[in-house]
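Side-chain atoms are counted along with the backbone in the values below, which use heavy atoms only and exclude waters and symmetry mates. For the single chain, residues carry numbers from 1 onward in sequence order.
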Amino acid sequence: MPSVISPQWQDKASGFFSSSGVKLKEARESAGTFVGEVTKDTKSNVAEVAGRVGTIVKSRWALLQQPSTRHAVQDRMISAAATTGAFLRRGLSGTKEKVVVGKSKVEEVAKVTAQKSKIILTDIERWQKGVARNDVFGVPIEVTVQRQDCIRPIPQILIKCADYLIVSGLNLPYLFKSEGDKKVIHQLVSLYNQDSTASVPEGSNPVDVAALVKYYLASLPEPLTTFELYNEIKGARSNIYSMRNILKRLSSVNYMTLEFITALLLRASQKALLNKMDSRSLALEMAPVIMWQKEHRPEFYRQYWSQMSESPSKQSLDPEPGSTTWDLLADDGEATDASSFIPLDDGMPVDYGAIEVVQLLIEHHNAVFTDANETVWK
């Protein structure tokens, strides 16, 4: 059954909806007006801001276009670039210096380590051969110098022998060529193996002392000129300047000892009228123990002590029972002649290049060793 709505409620509903529509229309018109005003204001503000920005940009650009301003800016840019470049160069330079310092430190540590390792290996090798730790014969020259408490990096045995020869024996004929007394040489070797700083006994024959110098140099595991520089030194024997530069690459011990020995030989050559040994003769005798190649080690000294001619005026100088005869001084029971000459026929070819090198070092000693820290004798 359909509901019956009273006319009163129908009038109220119609009035409500009619008023609501009017209100919605008014609200819509008000909102549209508000939005339009906001949009208009926004456009106005944006245009104003854009105008201001454009004005500022134009003024700045005009300012930059002025010669004075442009030059100032360019100068600032150039100055900034120069400063930046200077900082970069300084940084690179500092880095390079640190790298160089670091490399030097690494090389120094490596050199010290290698030297210590060489000493340890030498001690092990000598221990295996039954050689005493305090020996000087047969020991690397740098090891001997390290054990000494001296300013000059030169083995004391050479200094003692040289001092003795300067005072007592440079006038003796055929010095450094005569072999010397075998038994005395053996006693001197034992003396210096026990005490490397011992003085030459008073009354010793200078011939024996000179032979001891040769014997010591021949006993070194490596020559004073080293194996590494053998060919370069030999190739520079006709050029003092080249020789000087090559020798500077030797260690301080080898360099100073070589300077010391050749200075002694120079003094001996200056007495040639008396001792019959000029620079050529001295070089002929000393070159084999100063400069040799690995395959030409001067082991002919092993034969020197056993190839001497017999002398009826000499008694047998066999070592006494129980004595500790050193290997290179092995006795064969033959008699010894203190004035006999060292034989050159040892089965080895004569190294004339080495002889010329030593002769050059003797004759031009002062020119070759111009920067030596100390000269031996003024």
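Between the side chains of Asn254 and Ser251, a donor-acceptor pair is found at a separation under 3.5 Å. Between the side chains of Ser279 and Glu363, at least one donor N or O sits under 3.5 Å from an acceptor N or O. Checked by atom type, the side-chain pair Tyr215/Asp208 shows no donor-acceptor distance below 3.5 Å.
Between Thr257 and Pro155 there is a side-chain heavy-atom pair separated by less than 4.5 Å. Counting only heavy atoms from C-beta outward, the side chains of Val145 and Ile154 never approach each other to under 4.5 Å. Using a 4.5 Å cut-off on side-chain heavy atoms (C-beta onward), Val209 and Ser204 make contact. The closest side-chain heavy-atom distance from Lys294 to Tyr230 is not below 4.5 Å. For the pair Tyr255/Leu224, no side-chain contact is recorded, criterion being any heavy-atom separation below 4.5 Å from C-beta on. A heavy-atom distance below 4.5 Å is found between the side chains of Tyr192 and Leu212. With contacts defined as side-chain heavy-atom distances shorter than 4.5 Å, the pair Val167/Asp163 does not qualify. Proximity of Leu217 to Met286: side-chain heavy atoms (C-beta onward) are separated by under 4.5 Å at one or more points.
A donor-acceptor pair is defined here as one N or O able to donate and one able to accept, closer than 3.5 Å; no such pair exists between the side chain of Arg267 and the backbone of Ile166. A side-chain donor-acceptor contact under 3.5 Å links Ser190 to the backbone of His186.
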Would you sort out whether Val136 and Gln156 count as a side chain to side chain contact (heavy atoms under 4.5 Å, CB included), showing the intermediate values?
CA-CA 10 Å; Val136 295; Gln156 281 293 301; over 6 Å; no

Verify side chain to side chain contact (heavy atoms under 4.5 Å, CB included) between Phe369 and Leu247, making sure each step is shown before the conclusion.
CA-CA 9 Å; Phe369 297 98; Leu247 293 182; 4.0 Å; yes

Check the pair Leu172 / Leu274 against side chain to side chain contact (heavy atoms under 4.5 Å, CB included), numbers first and verdict last.
CA-CA 7 Å; Leu172 290 181; Leu274 298 173; over 6 Å; no

Pair Leu266-Leu361, side chain to side chain contact (heavy atoms under 4.5 Å, CB included): steps then yes or no:
CA-CA 9 Å; Leu266 173 61; Leu361 297 182; over 6 Å; no

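Taking CD from Gln359 and CG from Leu265, the interatomic distance works out to 11.5 Å, rounded to the nearest 0.5 Å. For the atom pair CD1 of Ile355 and CE of Met291, the computed distance is 11.0 Å after rounding to the nearest 0.5 Å. Taking CD1 from Ile141 and OG from Ser219, the interatomic distance works out to 9.5 Å, rounded to the nearest 0.5 Å. To the nearest 0.5 Å, atom CG of residue Leu175 and atom CG of residue Leu282 are 8.0 Å apart. Asn205 CG to Ile185 CD1: the interatomic distance, rounded to the nearest 0.5 Å, is 9.0 Å. One distance of note links NE2 of His365 with OG1 of Thr262; it measures 3.5 Å at 0.5 Å rounding.
In terms of heavy atoms, Phe176 sits closest to Glu285 at O-CB, 3.6 Å. Contact record, Ala283 with Ile362: N-CD1, 4.2 Å, taken as the closest heavy-atom pair. The two residues Ser199 and Lys160 make their nearest non-hydrogen contact at OG-NZ, 4.0 Å. When all heavy atoms of Ser252 and Pro153 are compared, the pair lying nearest together is O-CG, 4.1 Å. Among all heavy-atom pairs drawn from Glu356 and Arg237, the shortest one is OE1-NE, 2.5 Å. Annotation for Val213 and Cys161: closest pair CG2-CB, 3.6 Å, computed over non-hydrogen atoms.
More than 12 heavy-atom neighbours from other residues, nucleotides or ligands sit within 6.0 angstrom of CD on Gln270. Surrounding NZ of Lys271 are at most 12 heavy atoms belonging to other residues, nucleotides or ligands under 6.0 Å away. The number of heavy atoms from other shown groups lying within 6.0 Å of CZ (Phe227) is above 12.
Ring to ring, Tyr216 and Phe137 are close: their centroids are under 6.0 angstrom apart.
Partners of Arg280 according to the salt bridge (charged side-chain N to carboxylate O under 4.0 Å, His left out) rule, which considers only residues two or more places apart in sequence or in another chain, do not exist here.
A salt bridge links Arg249 to Glu232: one of the charged nitrogens lies within less than 4.0 Å of a carboxylate oxygen.
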